[in-house]
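Working notes for the structure below.
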Amino acid sequence: MFEARLVQSAILKKVLEAIKDLLTEATFDCSDSGIQLQAMDNAHVSLVSLNLRSDGFDKYRCDRNLSMGMNLGNMTKIMKCAGAEDTVTMKAQDNADVVAFMFESKNQEKVSDYEMKLMNLDQEHLGIPETDYSCIVKMPSQEFARICRDLSQFGESMAISCTKEGVKFSSAGDIGSANIKLAQTANVDAEEEAVVIEMQEPVSLTFACRYLNSFTKATPLSAQVQLSMSADVPLVVEYKIGELGHIRYYLAPKIED
Amino acid sequence: GKHQATLSSFFFST
């Protein structure tokens with residue numbers, strides 16, 4: 001028996017928004033410790049890694065490990081049926097071929113039950129090597145989304161260069177070029193508005209804007225985003241999901257021929 | 001020029 005309850009269904013809606021741009025279907029691996037999902041996009045350029053800890057749920061029970069393959073388009077249809085203030089409960093029996101979603105309004109005046117068929121997905125689990133990243137940048141997530149949107153007007157790729165002084169985002173194409181520099185913030189009132197750089201060595205990497213823009217669909221989940229970079233390895237873009245867990249995106253760089 | 005790498009060059013199958 002698996003059962004997971006979230007008082008705020010809005011969180012699950014946001015998680016789904018954050019992954020459905022990159023993935024059409026995915027397997028949710030449920031265990032005693034929580035729910036995990038790891039999947040690459042079709043082109044194997046990016047990877048989504050979602051971790052929702054059992055202790056972050058309002059109620060959580062998982063007697064046996066369970067892998068639930070879901071079509072994310074269909075899951076989105078069902079999650080759209082939940083009111084913003086509803087509580088959501090996901091349930092499945094052991095070895096079930098369906099997952100149930102129950103939405104309850106405040107005071108339980110309205111209770112809606114939906115069942116979705118599960119899929120058997122071939123899933124390739126990837127091992128991600130432990131990396132000591134040369135640069136870790138923490139910045140407001142809305143600022144990062146804005147920069148990705150603005151720079152993607154200029155070209156398909158953007159360079160991210162990080163030094164002790166700051167982080168520079170740049171792009172160039174037919175219409176011209178764009179450069180945005182963010183300095184490390186000296187003092188800020190709110191921690192989430194800060195730009196903080198931890199640098200061991202300067203790094204400059206180039207990435208496809210299209211994927212970065214997809215990652216920024218996670219912006220509503222967190223006020224801050226963390227970018228981890230080292231030379232010639234995939235970028236990690238991480239959004240915390242409150243006390244519940246995190247979503248991490250890995251993106252392979254563009255490299256010199 | 002630069003070309004897009006894939007994750008298989010960095011991560012390993014488990």
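For the numbers below, each heavy atom of this structure counts, side chains included, while hydrogens, waters and symmetry mates do not. Throughout, protein chains are lettered first and strands after them, A, B, ... in sequence-line order, and every chain is numbered starting at 1.
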Looking at [atom1] of [X] and [atom2] of [Y], how far apart are the two atoms once the value is rounded to the nearest 0.5 Å?
X        : Y        : atom1 : atom2 : value
B:Phe11  : A:Leu47  : CZ    : CG    : 6.5 Å
B:Ser8   : A:Leu126 : OG    : CG    : 8.5 Å
A:Leu251 : B:Leu7   : CG    : CG    : 7.5 Å

Between [X] and [Y], which heavy-atom pair has the shortest distance, and what is it?
X       : Y        : answer
A:Ala43 : B:Thr6   : O-CG2, 3.8 Å
B:Phe10 : A:Ala252 : CE1-CB, 4.1 Å
B:Lys2  : A:Glu256 : NZ-OE1, 3.2 Å
A:Val45 : B:Ala5   : CG2-O, 4.0 Å

At a heavy-atom separation under 4.5 Å, does A:Ser46 approach chain B through its side chain, its backbone, both, or neither?
backbone

Neighbour count above 12 (heavy atom, 6.0 Å) for [X] [atom1]:
X        : atom1 : answer
A:Asp150 : CG    : yes
A:Asp132 : CG    : no
A:Gln142 : CD    : no
A:Asn179 : CG    : yes

Which residues from residues 195-210 of chain A are near chain B, with near meaning under 4.5 Å between non-hydrogen atoms?
A:Thr206, A:Ala208

Using a heavy-atom cutoff of under 4.5 Å, enumerate the residues of residues 35-42 of chain A that contact chain B, numbered in order, or state 'none'.
A:Met40

